[in-house]
Amino acid sequence: MHVRGVILAGGGATRYDGKPKGLEIVGGRRVIDHLVEAFTKSLGELPLLVANAEDARTWRPELSVVADIRPGCGALGGIYTAVVQGPAPVVVVAWDMPFVNAPLISALANGLIRHDAYLPESDGRRGVEPLCAAYGPACIAAIETSLDRDERRAIAFHQAVKVGILPLEEVRAFGDPARLFFNVNTPDDLVEADALWRHASSP
């Protein structure tokens with residue numbers, strides 16, 4: 001089964017003063033560069049970039065870039081664009097998550113053998129990470145229905161598809177979940193992320 005990687009760079013970065021979060025530096029490299037490397041190692045090809053910024057094609061010129069099909073629909077709109085334009089099956093990762101690694105991406109891709117959507121469990125507020133997850137073709141129609149109903153939660157369509165969960169104990173085999181799913185949403189988060197990266201890299 002061929003699975004495409006997709007980096008989601010939509011959104012207005014309102015908590016980051018409108019700055020492109022994925023272009024910030026963590027561990028000496030931009031977040032987007034960390035993710036491109038992880039996707040290339042795990043899936044064997046460059047990921048697709050979903051971005052609405054006018055200069056998005058300059059961020060990594062070798063990447064294919066598409067804008068949101070249904071703008072203004074939040075995270076679910078980004079996932080929808082990924083499954084349509086990928087096309088699905090895809091593994092998506094939000095571009096403010098610098099610590100997502102290749103083994104985790106591979107595990108999520110493998111989950112689509114048995115499931116329409118495959119999400120890692122976490123100890124975050126949702127209990128799962130929909131912006132670091134795998135989605136199959138069946139998700140297209142299910143997400144369309146949710147968006148048509150103005151249901152924009154990233155997990156709004158789950159009842160209409162077969163969802164699998166990568167258990168937290170298995171997620172831990174790929175790293176500390178708090179680190180794996182760390183989001184760079186604010187300047188303070190950026191400082192913390194860089195410290196986490198340096199700490200993990202120190203002897």
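Hydrogens, waters and symmetry mates play no part in the numbers below; they use all other heavy atoms, side chains included.
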Tabulate below the donor-acceptor pairs under 3.5 Å that side-chain atoms of residues 150-159 make, not counting sequence neighbours, or state none.
{"unit_1": "D150", "atom_1": "OD1", "unit_2": "R152", "atom_2": "NE", "d": "2.9"}
{"unit_1": "D150", "atom_1": "OD1", "unit_2": "R152", "atom_2": "NH2", "d": "3.2"}
{"unit_1": "R152", "atom_1": "NH1", "unit_2": "G72", "atom_2": "O", "d": "2.8"}

Please list, one pair per line, the donor and acceptor atoms closer than 3.5 Å that link side chains of residues 37-47 to other protein atoms, with sequence neighbours excluded.
{"unit_1": "E37", "atom_1": "OE1", "unit_2": "R29", "atom_2": "NH1", "d": "2.5"}
{"unit_1": "E37", "atom_1": "OE2", "unit_2": "K41", "atom_2": "NZ", "d": "3.3"}
{"unit_1": "T40", "atom_1": "OG1", "unit_2": "V36", "atom_2": "O", "d": "2.7"}
{"unit_1": "S42", "atom_1": "OG", "unit_2": "A38", "atom_2": "O", "d": "2.9"}
{"unit_1": "S42", "atom_1": "OG", "unit_2": "F39", "atom_2": "O", "d": "3.2"}
{"unit_1": "E45", "atom_1": "OE2", "unit_2": "H2", "atom_2": "NE2", "d": "2.8"}

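Using a 4.5 Å cut-off on side-chain heavy atoms (C-beta onward), T186 and D189 make contact. Contact annotation: the side chain of S122 never approaches that of V171 to less than 4.5 Å [non-hydrogen atoms, C-beta and beyond]. Under the 4.5 Å side-chain criterion, counting only non-hydrogen atoms from C-beta, D148 is in contact with R70. By the 4.5 Å heavy-atom criterion applied to side chains, L49 and R60 are not counted as neighbours. By the 4.5 Å heavy-atom criterion applied to side chains, M97 and N183 are counted as neighbours. Between W59 and I7 the shortest side-chain heavy-atom distance does not fall below 4.5 Å. For the pair D123/F181, no side-chain contact is recorded, criterion being any heavy-atom separation below 4.5 Å from C-beta on.
Across V92 and A82, no two heavy atoms sit closer than the pair CG1-CB, 3.6 Å. Nearest heavy-atom pair, P20 versus W95, reported as atom, atom and distance to 0.1 Å: CB-CH2, 3.6 Å. Shortest non-hydrogen contact noted between G78 and D68 is CA-OD1, 3.6 Å. Heavy atoms only, all atoms of each residue included: G27 and D194 are closest at N-OD1, 2.8 Å. Between L180 and G175, the closest heavy-atom pair is CD1-O, 3.6 Å. Residues L112 and V90 share a closest heavy-atom pair of CD1-O, 3.9 Å.
When each of F99, W197, F182 is paired with H34, the ring-ring contact (aromatic ring centres under 6.0 Å, His included) condition holds for W197 and for no other.
Under a hydrophobic-cluster definition in which Ile, Leu, Val, Met, Phe, Trp and Tyr are linked whenever side-chain heavy atoms come within less than 4.5 Å, directly or via other members, L76 and Y80 are assigned to the same cluster. No continuous path of ILVMFWY side-chain contacts below 4.5 Å connects I105 to V6, so the two sit in separate hydrophobic clusters. One hydrophobic cluster holds both V100 and F174 under the rule that ILVMFWY side chains link at heavy-atom gaps under 4.5 Å. Under a hydrophobic-cluster definition in which Ile, Leu, Val, Met, Phe, Trp and Tyr are linked whenever side-chain heavy atoms come within less than 4.5 Å, directly or via other members, V184 and L131 are assigned to different clusters. Under the 4.5 Å side-chain heavy-atom criterion for ILVMFWY residues, a single connected hydrophobic cluster contains both V91 and Y118.
Here the CG-CG distance, from L190 to N185, works out to 11.0 Å after rounding to the nearest 0.5 Å. Rounding to the nearest 0.5 angstrom, the gap separating the CG atom in L147 from the CD1 atom in I79 is 9.5 Å. Remark: L23 CG to D55 CG distance equals 7.5 Å, nearest 0.5 Å. Atoms NZ and CD1, on K21 and I32 in that order, are 13.0 Å from each other to the nearest 0.5 Å.
Scanning for side chain to side chain contact (heavy atoms under 4.5 Å, CB included) contacts around Q85 gives L48, V66, I69, T81, with sequence neighbours left out.
Of the possible polar contacts, none joining the Y135 side chain to the I140 backbone as a donor-acceptor pair under 3.5 Å is found.
The 12-atom threshold is exceeded at CD of E169, counting heavy atoms of other residues, nucleotides or ligands nearer than 6.0 Å.
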Inset, instruction - Test side chain to side chain contact (heavy atoms under 4.5 Å, CB included) on D96 and V31 and set out the steps. - result: CA-CA 7 Å; D96 58 1; V31 178; 5.8 Å; no

